[in-house]
Structures are given as C-alpha cells and as structure tokens.
Amino acid sequence: MNRIAVLYVATLIVLTGLDFLFLGLIAKGFFAAQVGSMLGDVRPLPAVLFYLIYVVGVLVFVSGTSTATWQSTILYGALFGLFCYATFELTALSLLKHWTWPVVVLDITWGAVVTAVSSTAGLLVADRVTG
C-alpha cells in the first residue's frame, strides 16, 4: 500500500473522530455558553474542506517525511496545531465582539493536542501497515 495514502487516511480518521467527540460532546456546552449567540448550524462543505486541507498540512509539515518518528511527530504536531489554531483564535478574538479568552485558550490547547495525537497515530498506523 502507498505509505502517504495510508498516513493521510489514518490521520484524517483519528483527527475527525477526536474532533467530533470533542466539539460534539465534551466541549459543546462550553462553546455554547461562551459564544452561543454566534453559533449556527454546521455547514458540511466548509467543515469537510477544513479537514481535508488541514491533514495535507499535517503531512507536509509534520509526519509525511520518511524520517518522521513518533517523537518528532508529537512535537511538530503539537506546534503545527498550536500555530494553526492560534491563527484562527487570535484573529477571531481581535475581530469578533463575543469571542472570549477562555474559548481561545481551550481551542488552541485542543488544536495542539488533537494534531499531536492524530499525526502520531497516523504515523504509527502507516508504519505498521506499510512496514
């Protein structure tokens, strides 16, 4: 099997699964309480595009090289998630009236954690499946 394809699919599955769990169950009430007046229905196309594009970024900058290890992937995955989520969160905080610091801190932390975990899990699966 193609290593990059396995890496992409495994990372995508872990990332979306964890993100749906976090956003749909664990932190749903928190986000509703903090910025609920700004929340609307989820628009599937932008959501799908985000995940598809974000995982490409993870492979390019974190886990896609043949020299990637689980240790480097945890570190660079966390950093990539931190930088990407901070870009959105700090921009939203600077522009949106009802955005809050607690949302910023939680979401940036989540971005670092979920990216580190999903990129590392994807790498471990790809290494196992493709040898």
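What's counted below: heavy atoms across the whole structure, side chains too, no hydrogens, waters or symmetry copies.
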Measuring from I4:CD1 to S66:OG, what's the distance to the nearest 0.5 Å?
9.0 Å
By ring pair (Phe, Tyr, Trp, His ring centres under 6.0 Å), which residues pair with Y51, not counting sequence neighbours?
F20
Step by step, work out the side chain to side chain contact (heavy atoms under 4.5 Å, CB included) result for L79 and F61.
CA-CA 10 Å; L79 289 172; F61 295 107; over 6 Å; no
Let me check something: do Y8 and V129 share a hydrophobic cluster, defined by ILVMFWY side-chain heavy atoms less than 4.5 Å apart, either directly or through other members?
no
State plainly whether one hydrophobic cluster holds both L82 and V113, where clusters connect Ile, Leu, Val, Met, Phe, Trp and Tyr through side-chain heavy atoms under 4.5 angstrom apart.
yes
Which residues share a ring pair (Phe, Tyr, Trp, His ring centres under 6.0 Å) with F83, sequence neighbours left out
none
Are L123 and L75 grouped together when hydrophobic residues (ILVMFWY) are joined by side-chain heavy atoms under 4.5 angstrom apart?
yes
Find out if a path of hydrophobic residues (ILVMFWY) with successive side-chain heavy-atom gaps under 4.5 Å connects W70 to V6.
no
Residues T91 and S94: closest non-hydrogen pair is O-OG, 2.8 Å
Sequence neighbours excluded, the answer for side-chain contact (heavy atoms from CB on, under 4.5 Å) partners of S118 is T11, V14, L15
Would you list the pairs meeting side chain to side chain donor-acceptor pair (under 3.5 Å) in which at least one residue belongs to residues 20-35, sequence neighbours left out?
Q34-T100
Could you report the tightest heavy-atom contact between L52 and L12, atom names first, then the distance?
CD2-CD2, 4.1 Å
dist T73:OG1 -> L124:CG (nearest 0.5 Å) comes out at 8.0 Å
Of all heavy-atom pairs between S119 and S63, which one has the smallest distance, and what is that distance?
O-CB, 4.2 Å
Do W101 and Y85 sit in the same hydrophobic cluster, where Ile, Leu, Val, Met, Phe, Trp and Tyr count as joined when their side-chain heavy atoms come under 4.5 Å apart?
yes
Mind checking side-chain contact (heavy atoms from CB on, under 4.5 Å) for A92 and listing every partner two or more places apart, or none if nothing turns up?
F88, L96, W99
Inter- and intrachain pairs under salt bridge (charged side-chain N to carboxylate O under 4.0 Å, His left out), touching residues 44-60, at least two apart:
none
Could you name each residue pair satisfying ring pair (Phe, Tyr, Trp, His ring centres under 6.0 Å) that touches residues 107-131, not counting sequence neighbours?
F22-W110
Return each pair, listed once, that meets salt bridge (charged side-chain N to carboxylate O under 4.0 Å, His left out) where at least one residue sits in residues 3-24; pairs must be two or more places apart or across chains.
R3-D127
How would you list all residue pairs meeting salt bridge (charged side-chain N to carboxylate O under 4.0 Å, His left out) that involve residues 79-101, not counting sequence neighbours?
none
Would you please name every residue forming a side-chain contact (heavy atoms from CB on, under 4.5 Å) with V60, sequence neighbours left out?
V56
Does T115 form a side chain to side chain contact (heavy atoms under 4.5 Å, CB included) with C84? I'd like the steps, not just the answer.
CA-CA 10 Å; T115 307; C84 289; over 6 Å; no
Ring pair (Phe, Tyr, Trp, His ring centres under 6.0 Å) with F50: which residues, sequence neighbours excluded?
Y54
Just jot down the side-chain contact (heavy atoms from CB on, under 4.5 Å) partners of A86, sequence neighbours excluded, or say none.
L90, I108
Side-chain H-bond candidate by donor/acceptor type, S72 with T69, under 3.5 Å
yes
